[in-house]
Amino acid sequence: MKYMQTRAQSLTESFANVTIGYFVALVAQMIVFPLYEIEVSVSQNIQIGLIFTAVSIARSYLLRRFFNHYHHRSVR
């Protein structure tokens with residue numbers, strides 16, 4: 001029997017992945033933005049990071065569900 005990830009498991013995995021990615025991206029923004037002379041405060045960096053994090057969670061979750069559905073359908 002093939003294991004299929006539940007929606008809750010997909011969301012949990014996506015959230016953990018993106019949470020770690022958020023902190024990596026935040027540090028990257030603080031390094032890269034000044035190289036391009038983009039001046040934003042720490043607060044603005046956090047807000048920008050949160051916006052991209054929300055988009056990333058949605059993208060990751062939807063792709064995971066799509067591939068789980070596609071794989072499960074093709075196995076039948």
Using the side chain to side chain donor-acceptor pair (under 3.5 Å) criterion, which residues pair with Thr53? Sequence neighbours excluded.
none
If you look only at distance, which donor and acceptor atoms sit under 3.5 Å apart when one is on a side chain in residues 26-38 and the other is two or more places apart or in another chain?
residue : atom : partner : partner atom : Å
Gln29   : NE2  : Asn45   : O            : 3.1
Gln29   : NE2  : Asn45   : OD1          : 2.9

Exercise: do Ser56 and Arg59 side chains pair donor with acceptor under 3.5 Å
yes
List in chain and number order the residues that pass side-chain contact (heavy atoms from CB on, under 4.5 Å) with Thr19, two or more places apart in sequence or in another chain; answer none if no residue qualifies.
Phe15, Phe23
Nearest 0.5 angstrom please: His69 NE2 to Met4 CE, how far?
8.0 Å
Examine Leu50 and Val42 and state if one hydrophobic cluster contains both, with Ile, Leu, Val, Met, Phe, Trp and Tyr joined whenever side-chain heavy atoms are less than 4.5 Å apart.
yes
Out of curiosity, does Leu62 fall in the hydrophobic cluster containing Leu11 (side-chain heavy atoms, cut-off under 4.5 Å, transitive links)?
yes
In Å, rounded to the nearest 0.5 Å, how long is the span from OG1 of Thr12 to OH of Tyr61?
10.0 Å
